[in-house]
Undergrad: 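Here it is, the structure in full.
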Amino acid sequence: MRLVSNIAAMQRLARKWQRAGTRIGFVPTMGYLHAGHLSLVQRARRAVGKNGVVAVSIYVNPTQFGPSEDFSKYPRDLKRDLKLCRAAGVDVVFMPGDQEMYPKVGSSRRNDRTARRAVPTGFSTYVVEDKLSQTMEGASRPMHFRGVTTVVAKLFNIVLPDVAVFGQKDFQQAAIIKRMVADLNFPVKIIVAPTLREHDGLAMSSRNRYLTGNLRPQATVLWCAIQMARATVKKSKAFPAAKLKAAVKKLIECEPAAKPDYVEFFEPDTLLPISEVTLGTHMALAVFIGKTRLIDNAQL
Ligand code: AMP
């Protein structure tokens, strides 16, 4: 397995593979890998075949974190990640540093003082999706998707993948990436792979590591909320979204450490909110469990 942290070196390698007709499958991650990430690696391998190559990027992207979010605390364990990648048959891990991705050329003293996450003055071009990113995660985390689309566009230009695999766990993110690829004509096929869950239904996430003590059992409330909504629409053909939203929020608030951020019912292609929930409607929710913000989604 090759380890590459330099952009030019990664592009050279990708071009070499392209010239040889080798298909490149790509899984972008922020590291602290779990079985959900590794399922995307397997999906990428399946997509490119045994003669193709699978690239994984490990990069905690500062531009997608808000000022009061967990960028500096985000869990990192590169040694363990590399071991997992090697065992999963990854061909190359691209792991750039912040200076490589967002050069601080000409950075001002003001930026230096506003912590490591400060927007570097050597970088000023962003990719913004303007429609699908307005609701849910976009409404709760302003600038988040601008950071995501920008870094994914950069990574696509560096890794030059034929296929990239994203998780349905971040449903809105996957929808926005698909839109960006279509709108800006990136020659990449986007595959969205299913959410891997713990035995009790909690969606796997690097942030689950924050769930210590009695917070962990309370985190299953997201999955319970989805099950409850599913059972409700199974019983009655159409159910008013506002009423179901209120019922789901009430269920969540039964857990002492849980605080709902949003619960949405929407049309999966447009992400537009719907007023009558039926079987097939998509549901997404974000819930604080203590200080940890978790998200989940499913088709009902
Ligand atoms: P992250 O490292 O959290 O940025 O995630 C990297 C990729 O893994 C994204 O495409 C996520 O949607 C995907 N992912 C995260 N958690 C899961 C999961 N539990 N199951 C499947 N894919 C996941």
Side-chain angles (χ1 to χ4, degrees), residues 25-47 54-66 69-71 73-78 80-82 84-85 88 90 93-96 101 132-133 136-137 141 144-156 159 161 163-181 188-211 216 219-220 222-223 226 268 282 284-287 292-299:
F26 179 39
V27 180
T29 82
M30 298 204 299
Y32 210 73
L33 303 180
H34 49 68
H37 293 116
L38 299 175
S39 72
L40 306 190
V41 169
Q42 303 312 331
R43 186 66 192 83
R45 170 61 65 198
R46 197 141 50 84
V54 174
V56 168
S57 63
I58 297 178
Y59 180 58
V60 184
N61 172 40
T63 64
Q64 70 189 66
F65 287 79
E69 291 180 358
D70 58 344
F71 172 70
K73 277 190 276 143
Y74 195 83
R76 292 160 169 90
D77 189 342
L78 188 59
R80 182 174 158 275
D81 287 348
L82 294 179
L84 289 171
C85 285
V90 170
V93 175
F94 177 57
M95 36 182 216
M101 291 295 273
L132 306 175
S133 54
M136 299 187 279
E137 288 303 285
R141 305 179 66 189
H144 169 66
F145 285 125
R146 182 183 84 148
V148 170
T149 41
T150 301
V151 81
V152 171
K154 282 168 71 65
L155 290 168
F156 284 177
V159 177
V163 179
V165 187
F166 290 83
Q168 173 158 11
K169 159 80 180 6
D170 298 274
F171 187 87
Q172 190 178 14
Q173 168 177 282
I176 291 168
I177 297 297
K178 278 197 272 185
R179 175 62 65 86
M180 176 189 82
V181 161
V188 187
K189 181 183 171 200
I190 302 297
I191 294 175
V192 182
T195 303
L196 248 72
R197 298 179 179 281
E198 303 289 354
H199 291 302
D200 59 5
L202 175 66
M204 289 182 186
S205 163
S206 307
R207 288 191 169 100
N208 291 351
R209 129 127 217 203
Y210 300 140
L211 303 170
R216 173 61 186 81
T220 55
L222 285 89
W223 183 235
I226 291 171
H282 215 96
L285 72 170
V287 178
T292 304
R293 188 174 174 284
L294 301 177
I295 59 170
D296 204 347
N297 73 87
Q299 189 172 39

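Each ligand, and each atom within it, is numbered from 1 in the order the structure gives.
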Undergrad: Tell me, which protein residue and heavy-atom name are nearest atom 4 (O) of ligand 1, and how many Å apart are they?
TA: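 Minimum-distance protein heavy atom for atom 4 (O) of ligand 1 reads M30 CG, 3.5 Å.
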Undergrad: For atom 12 (O) of ligand 1, state which one of D170, D296, I295 supplies the nearest heavy atom.
TA: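 Minimum heavy-atom distance to atom 12 (O) of ligand 1 goes to D170.
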Undergrad: How long is the span from the CG atom in D77 to the CG atom in L33, to the nearest 0.5 Å?
TA: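 Answer for the CG-CG pair, D77 versus L33, is 9.5 Å.
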Undergrad: Once you restrict to heavy atoms under 4.0 Å, what part of V27 touches ligand 1? Side chain, backbone, both or neither.
TA: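 The answer is neither; V27 stays 4.0 Å or more away.
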Undergrad: Do L202 and L294 pass the side-chain contact (heavy atoms from CB on, under 4.5 Å) test, and can you show the C-alpha distance, the side-chain angles, and the key distance before you say yes or no?
TA: CA-CA 10 Å; L202 175 66; L294 301 177; 4.2 Å; yes
Undergrad: Tell me, which protein residue and heavy-atom name are nearest atom 10 (O) of ligand 1, and how many Å apart are they?
TA: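 For atom 10 (O) of ligand 1, the nearest protein heavy atom is G167 N, 2.9 Å.
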Undergrad: Out of P28, S206, G31, P194, who gets a non-hydrogen atom closest to atom 7 (C) of ligand 1?
TA: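 Residue with the shortest heavy-atom distance to the ligand atom: P28.
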Undergrad: Would you mind listing which atoms of ligand 1 come within a distance below 4.0 Å of any non-hydrogen atom of T29?
TA: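 Close to T29: 2 (O), 6 (C).
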Undergrad: Using heavy-atom distances only, which candidate in H37, Q64, Q168 approaches atom 5 (O) of ligand 1 most closely?
TA: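 Of the listed residues, H37 has the closest heavy atom.
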Undergrad: Quick test: of every protein heavy atom, which one is nearest to atom 13 (C) of ligand 1, and how far off is it to 0.1 Å?
TA: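 That would be L40 CD1, 3.5 Å.
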Undergrad: Should the heavy atoms of other residues, nucleotides or ligands under 6.0 Å from CZ of R80 be counted, would the total exceed 12?
TA: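 Yes, because the 6.0 Å sphere around CZ of R80 holds more than 12 heavy atoms from other groups.
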Undergrad: Which atoms of ligand 1 have any heavy atom of F166 under 4.0 Å away?
TA: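 It comes down to these atoms of ligand 1: 10 (O).
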Undergrad: Give the residue, atom name and distance (to 0.1 Å) of the protein heavy atom nearest atom 23 (C) of ligand 1.
TA: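 Minimum-distance protein heavy atom for atom 23 (C) of ligand 1 reads K169 CB, 4.0 Å.
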Undergrad: Can you run down the salt bridge (charged side-chain N to carboxylate O under 4.0 Å, His left out) pairs that involve residues 190-199, sequence neighbours left out, and say none if there aren't any?
TA: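 Qualifying pairs: R197-D296.
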Undergrad: Just need the protein heavy atom nearest to atom 20 (N) of ligand 1, so name the residue and atom and give the distance.
TA: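 Closest protein heavy atom to atom 20 (N) of ligand 1: L196 N, 2.9 Å.
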Undergrad: R43 and A193: which non-hydrogen atoms are nearest, and at how many Å?
TA: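 Closest approach of R43 to A193, heavy atoms only: CG-CB, 4.4 Å.
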Undergrad: Can you sort out the partners of A286 under side-chain contact (heavy atoms from CB on, under 4.5 Å), two or more places apart, ordered by chain and number?
TA: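 Residues passing side-chain contact (heavy atoms from CB on, under 4.5 Å) with A286: E137, D261, Y262, R293, I295.
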Undergrad: Would you check, one step at a time, whether the test side-chain contact (heavy atoms from CB on, under 4.5 Å) holds for W223 with D200?
TA: CA-CA 8 Å; W223 183 235; D200 59 5; over 6 Å; no
Undergrad: Among Q173, R197, H34, whose heavy atom sits nearest atom 17 (C) of ligand 1?
TA: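 Looking at heavy atoms only, the winner is H34.
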Undergrad: Nearest 0.5 Å, please: how far is NE2 in H37 from CD in Q42?
TA: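 One gets 14.0 Å once the value is rounded to the nearest 0.5 Å.
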Undergrad: Are the side chain of N297 and the backbone of Q168 linked by a donor-acceptor contact shorter than 3.5 Å?
TA: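 Side chain of N297 to backbone of Q168, a donor-acceptor pair under 3.5 Å: yes, one is there.
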Undergrad: Counting from 1, what ligand 1 atoms have a heavy atom of G36 closer than 4.0 Å?
TA: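 Contacts of ligand 1 toward G36, numbered from 1: 18 (C), 20 (N), 21 (C), 22 (N).
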Undergrad: Compute the shortest N/O to N/O distance between M204 and ligand 1 and return yes if it is under 3.5 Å, no if not.
TA: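 In this structure, M204 places an N or O atom under 3.5 Å from an N or O of ligand 1.
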